[in-house]
Visitor: 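Once you've had a glance at the structure underneath, I'll fire off some questions.
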Amino acid sequence: MQAIEVHGLHKSYKDLHVLRGVDLVVQPGSIYALLGSNGAGKTTLVQILSTLLSADAGQVLVNGFDTATQPRHVRESLSLTGQFAAIDGVLTGRENLLLLARLRRQPDPERAADALLERFDLTEAASRRASTYSGGMLRRLDLAMGLVGGAPLVLLDEPTTGLDPQSRIQTWHIIRELAASGTTVLLTTQYLDEAEQLADRIAILHDGTIIQEGTLADLRKLLPPATIEHVAKEPTLEDIFLNLVGSASTPEGATS
Amino acid sequence: MSSAALHDTRLLTARSLRHILRSPDTIITTAITPIAMMLLFVFVFGGAINTGSSESYVDYMLPGILIITIASGVAYTSYRLFLDMSEGMMLRLRSLPISRSSILWGHVLTSLAANAISLLLVIGVAFLAGFRAQASVLDWLAVAALLLATTLALTWVAVIAGLSAKTVDGASAFSYPLILLPFISSAFVPTDSMPKAVAWFAEHQPITAIVDSLRSLLTGSGVDASIWVSAAWLLGLLAAAWGLSLYVFARKTRG
Ligand SMILES: Nc1ncnc2c1ncn2[C@@H]1O[C@H](COP(=O)(O)OP(=O)(O)OP(=O)(O)O)[C@@H](O)[C@H]1O
Ligand SMILES: [Mg+2]
């Protein structure tokens, strides 16, 4: 069974046809990166996977459960860190994590919270109200909240946007650890090097469909190695991406 | 409610109660306007108002002040719900394997607790201002039940407002007419002193029935027909507001 299976997914907002037949398979235990320009529909896809939005057409299976008919099982199978912080600013960092740990019925919520605070370098700020956190600290707390409960599938919508280089590398490290422990990770990102660094497979979402999908090596084969430089250089993912997506064309405002 | 739903509701109520404990000013502001109104009416206008009864004016108008307290208190529920909707917390909660109704009930139960405290504050000040009740323990229980039912019904109205609002100000705007409604009822002056059309409205709107019931319970004159009219209004409002809340919640979160 696959961690995620998406077949012929369509989604429109009024007359803006954002997803036009998306097909996607994510294998358990892998790190899967979803690339796409602003407005390509990454967040829309992630929200459909996590049952926050419903699909107009097509089938979406998470851990074998259908998002349309078994949303409860889907929610038990995954945890989501959305693109925008979802934190209670009145509560402290620790209280936020404790709330999540209790809602997810962790046997030892205190320990779960403290371990995550430690892991995300938030121990010192743990008893401060989250509204006093810096942007990067909020993002880290948000990521930590997304890991409470150890769901088999973790969805991360632009996990490292707004993080400094050090926190970013730390987050990559945590994502690799998750995958190593068998958790499936689907992440969206604007940073192509992030996908290059982390992902087992990469999908490019453009004009409402997945236009390319494969390992980094697969995608590299799409472009011949650049020969302009003295030493033959493999194309970076950025080269491939820009080549595939073309110049700054985005589907924003496009109608079906 | 299943035990899982109770568990989630308890956690989310504790969360939202913490918001109140961290900003007790929300309770103070809820209580302060009705208290100021009460003092103003009792010590400034009261002498000029003829209620046509022997009771002191503070005894006469306290029920109306209590309704105003509730009407302004529930605005915080729509405010907090609006923040959850706009700040992403709602998305997080909805992505969790928890009972969906607990998300709303956490706010509703918090509203009941916060309004109970505000009401006690207002009643305390009323005592200082000379309010005296002739009510038996049973009468007081009936008063508590009526106030609770009013709070519950108006809180569900607040939930609708909080879920549907587009701006913070919009979220609490629904409470202004609610706060004004007691003025066009028997709360502050007898309805027969009003112009005919206004009096007709006043006599047929729910606040008059509720205020009359509260007043007769507090003055120890027992229950009259107004209690059944109040109960009918409150149950009807509760059912309608609760139903509509669930409908709006389902619509807003369906995507
Ligand atoms: N609730 C909504 N109502 C109407 N249109 C929406 C809504 N949410 C998203 N859209 C539109 O759908 C398109 C896809 O949005 P989405 O947020 O999924 O893109 P994205 O790939 O996550 O972009 P970004 O990289 O900027 O986060 C955009 O054109 C956006 O304006
Ligand atoms: Mg997005």
Side-chain angles (χ1 to χ4, degrees), chain A residues 11-13 18 43-44 46-56 62 65 67-68 70-92 95-96 98-105 109 129-131 138 141-142 145-146 148-149 151 153-155 157, chain B residues 2-27 76-77 79-107 109-110 114 162-163 168 249-255:
Chain A
K11 177 71 186 177
S12 306
Y13 297 104
V18 179
T43 298
T44 303
V46 166
Q47 293 197 340
I48 291 173
L49 288 171
S50 43
T51 74
L52 297 177
L53 283 177
S54 55
D56 295 341
V62 171
F65 300 116
T67 52
Q70 301 162 292
R72 174 85 191 196
H73 286 101
V74 171
R75 284 181 217 132
E76 272 160 11
S77 308
L78 60 78
S79 67
L80 162 73
T81 298
Q83 184 170 1
F84 305 104
I87 282 169
D88 186 332
V90 176
L91 302 186
T92 67
E95 287 167 344
N96 268 290
L98 272 177
L99 174 65
L100 260 273
R102 295 197 171 115
L103 285 171
R104 284 191 176 273
R105 294 181 170 56
R129 282 193 199 192
S131 56
L138 275 179
L141 177 59
D142 209 30
M145 287 176 69
V148 175
L153 169 65
V154 170
L155 304 177
D157 197 356
Chain B
S2 69
S3 77
L6 280 179
H7 173 266
D8 300 334
T9 302
R10 191 175 55 74
L11 288 172
L12 291 173
T13 307
R15 168 212 169 211
S16 137
L17 277 175
R18 207 166 245 149
H19 283 217
I20 298 204
L21 294 177
R22 301 252 155 105
S23 44
D25 52 305
T26 57
I27 291 192
Y76 281 105
T77 301
Y79 169 72
R80 288 195 198 90
L81 201 50
F82 175 79
L83 289 191
D84 272 4
M85 294 293 281
S86 55
E87 282 177 356
M89 196 64 190
M90 186 60 84
L91 288 181
R92 164 137 289 131
L93 293 176
R94 283 177 48 221
S95 77
L96 296 176
I98 60 172
S99 121
R100 289 169 70 83
S101 62
S102 68
I103 300 176
L104 297 183
W105 272 105
H107 285 285
L109 294 180
T110 299
L163 289 173
V168 186
F249 189 51
R251 256 188 60 122
K252 283 273 165 181
T253 57
R254 193 182 48 204

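Letters A, B, ... mirror the listed sequences (proteins, then strands); counts begin at 1.
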Visitor: Determine whether Leu80(A) and Leu91(B) make a side-chain contact, defined as any pair of heavy atoms from C-beta on separated by less than 4.5 Å.
Guide: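 They are not in side-chain contact.
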
Visitor: Does Arg75(A) reach the main-chain N or O of Arg94(B) with its side chain, forming a donor-acceptor pair under 3.5 Å?
Guide: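 Such a contact is found between Arg75(A) side chain and Arg94(B) backbone.
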
Visitor: Are the side chain of Arg102(A) and the backbone of Leu11(B) linked by a donor-acceptor contact shorter than 3.5 Å?
Guide: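 Such a contact is absent between Arg102(A) side chain and Leu11(B) backbone.
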
Visitor: Quick one: what part of Thr81(A) sits under 4.5 Å from any heavy atom of chain B, side chain, backbone, both or neither?
Guide: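 Its backbone and side chain both get close to chain B.
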
Visitor: With a 4.5 angstrom heavy-atom cut-off, is it the side chain or the backbone of Ile48(A) that approaches chain B, or both, or neither?
Guide: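 Ile48(A) has no heavy atom closer than 4.5 Å to chain B.
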
Visitor: For the CG atom of Leu98(A) and the CZ atom of Arg15(B), what is their distance to the nearest 0.5 Å?
Guide: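 With rounding to 0.5 Å, CG (Leu98(A)) is 14.0 Å from CZ (Arg15(B)).
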
Visitor: What closest approach, in Å, do Ala86(A) and Gly88(B) show between heavy atoms, and which atom pair accounts for it?
Guide: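 Scanning both residues completely, I find the closest heavy atoms to be CB-O, 3.1 Å.
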
Visitor: Suppose we screen for ring-ring contact (aromatic ring centres under 6.0 Å, His included). Which residues come up paired with Phe65(A), at least two apart in sequence or across chains?
Guide: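 With sequence neighbours excluded, Phe65(A) shows a ring-ring contact (aromatic ring centres under 6.0 Å, His included) to His73(A), given in chain and number order.
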
Visitor: So which heavy atom on Asp88(A) is nearest to which on His19(B), and how close?
Guide: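 So the minimum-distance heavy-atom pair works out to OD2-NE2, 2.6 Å.
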
Visitor: Strictly distance-based, threshold 3.5 Å: is any side-chain N or O of Arg92(B) a donor or acceptor partner for the main-chain N or O of Asp142(A)?
Guide: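 A pair under 3.5 Å: yes.
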
Visitor: In terms of heavy-atom contacts, does OH of Tyr79(B) have more than 12 from other residues, nucleotides or ligands at under 6.0 Å?
Guide: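 No.
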
Visitor: If I take atom CG from residue Leu99(A) and atom CG from residue Leu93(B), how far apart are they, to the nearest 0.5 angstrom?
Guide: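 Rounded to the nearest 0.5 Å, the CG-CG separation comes to 7.0 Å.
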
Visitor: At a heavy-atom distance under 4.5 Å, which candidate from Arg104(A), Glu76(A), Glu95(A) has the highest pair count against chain B?
Guide: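 Highest number of pairs under 4.5 Å: Glu95(A).
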
Visitor: Atom CG in Leu91(A), atom CZ in Arg22(B): separation rounded to 0.5 Å?
Guide: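 Result: 6.0 Å between the selected atoms.
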
Visitor: Quick check for you: to the nearest 0.5 Å, what is the distance between Leu49(A) atom CG and Ser95(B) atom OG?
Guide: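 Result: 12.0 Å between the selected atoms.
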
Visitor: Measure Leu83(B) against the heavy atoms of chain A and call it side chain, backbone, both or neither at under 4.5 Å.
Guide: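 Nothing of Leu83(B), per the 4.5 Å heavy-atom cut-off to chain A.
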
Visitor: Select, from Val74(A), Leu100(A), Leu78(A), Thr51(A), the one with the greatest count of heavy-atom pairs under 4.5 Å involving chain B.
Guide: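 The option with the most such pairs is Leu100(A).
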
Visitor: Who pairs with Asp8(B) by salt bridge (charged side-chain N to carboxylate O under 4.0 Å, His left out), at least two apart in sequence or on another chain?
Guide: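 Here the qualifying residues are Arg105(A).
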
Visitor: With only heavy atoms counted, which part of Ala4(B) is less than 4.5 Å from chain A, the side chain, the backbone, both or neither?
Guide: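 Answer is both: backbone and side chain atoms of Ala4(B) are under 4.5 Å from chain A.
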
